[in-house]
Amino acid sequence: MNVEQQVFGASQAQAAPARQLGQAMRRGFLGRCPCCGEGRLFGAFVKPVEACAACGEAMHHQRADDLPAYLVILIVGHINVGLFMGFEAATTLSTWQHLAIWVPATILFALVLLQPVKGAVIGLQWALRMHGFGGHGDEIEAIDDE
Ligand SMILES: [Zn+2]
């Protein structure tokens with residue numbers, strides 16, 4: 001296999017030129033098209049545009065599914081629980097005061113992170129030519145049990 005090529009699953013993808021994973025994820029994180037970095041990636045909060053307005057790259061077939069939500073829970077959980085435990089140890093706040101701080105902080109942090117994380121996941125799928133980004137559709141492979 002050529003080092004300059006990225007292959008994800010299907011053998012048709014072997015001839016395709018490599019796409020820069022880090023750049024695509026960074027562009028997606030910033031809400032830009034992972035292909036050109038110019039067009040907007042999202043038409044609504046977490047709904048991607050049908051296709052990039054700048055380069056025409058189709059975005060309708062992305063399948064981020066639950067991965068962005070899972071990653072946001074992972075990130076927000078680790079940061080907010082760590083901050084809560086630090087505050088809890090360093091201050092004498094009551095339980096309701098902690099609730100008043102950490103519940104809104106957790107909701108706000110999750111809402112702020114959801115779109116950038118979904119953009120990065122779409123960038124990852126685009127760079128790895130997953131789910132239609134490689135020019136071929138998703139097909140379920142036949143199980144060959146001899
Ligand atoms: Zn574009």
Side-chain angles (χ1 to χ4, degrees), residues 1-88 90 93 97-146:
M1 188 175 76
N2 190 331
V3 178
E4 296 173 12
Q5 296 172 338
Q6 291 176 336
V7 177
F8 185 82
S11 58
Q12 309 93 292
Q14 285 180 345
R19 292 173 174 171
Q20 290 188 15
L21 178 63
Q23 183 187 58
M25 290 181 70
R26 203 165 29 254
R27 285 173 172 173
F29 189 86
L30 296 173
R32 295 287 154 196
C33 166
C35 180
C36 67
E38 298 296 320
R40 292 170 49 91
L41 179 57
F42 293 101
F45 179 49
V46 287
K47 182 169 173 35
V49 294
E50 286 291 307
C52 174
C55 71
E57 181 76 17
M59 294 293 160
H60 61 86
H61 46 48
Q62 68 77 27
R63 288 183 54 198
D65 294 342
D66 294 341
L67 181 58
Y70 169 80
L71 293 175
V72 166
I73 290 167
L74 189 76
I75 295 165
V76 172
H78 278 84
I79 292 174
N80 275 18
V81 168
L83 286 172
F84 160 71
M85 290 174 76
F87 263 74
E88 214 277 329
L93 295 178
Q97 287 171 316
H98 277 295
L99 281 172
I101 294 169
W102 298 110
V103 171
T106 302
I107 293 169
L108 191 70
F109 194 21
L111 289 175
V112 166
L113 265 185
L114 193 55
Q115 189 189 65
V117 169
K118 182 166 182 177
V121 169
I122 293 173
L124 175 125
Q125 294 178 337
W126 177 83
L128 298 181
R129 301 178 188 279
M130 297 166 70
H131 310 310
F133 286 124
H136 53 84
D138 268 352
E139 287 148 26
I140 298 170
E141 294 175 21
I143 299 171
D144 191 23
D145 52 345
E146 295 168 21

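By convention here, the first residue in the shown sequence is residue 1. One-based numbering, in listed order, for ligands and for the atoms of each.
- Taking every heavy atom of both residues into account, V49 and F42 meet most closely at CG1-C, 3.8 Å.
- For D66, the salt bridge (Lys or Arg N to Asp or Glu O under 4.0 Å) test picks out no residue, with sequence neighbours left out.
- Looking only at protein N/O/S atoms, the ones less than 2.8 Å from the Zn ion (ligand 1) make 4 in total.
- Side-chain atoms of Q125 come within 3.5 Å of backbone N or O of R63 as a donor-acceptor pair.
- At distances below 3.5 Å, not a single donor-acceptor pair connects side-chain atoms of R27 with backbone N or O atoms of C33.
- Of the candidates V81, I75, L74, L74 is the only one forming a side-chain contact (heavy atoms from CB on, under 4.5 Å) with H78.
- Note: H98 and F87 fail the aromatic proximity criterion, with ring centroids not under 6.0 Å apart.
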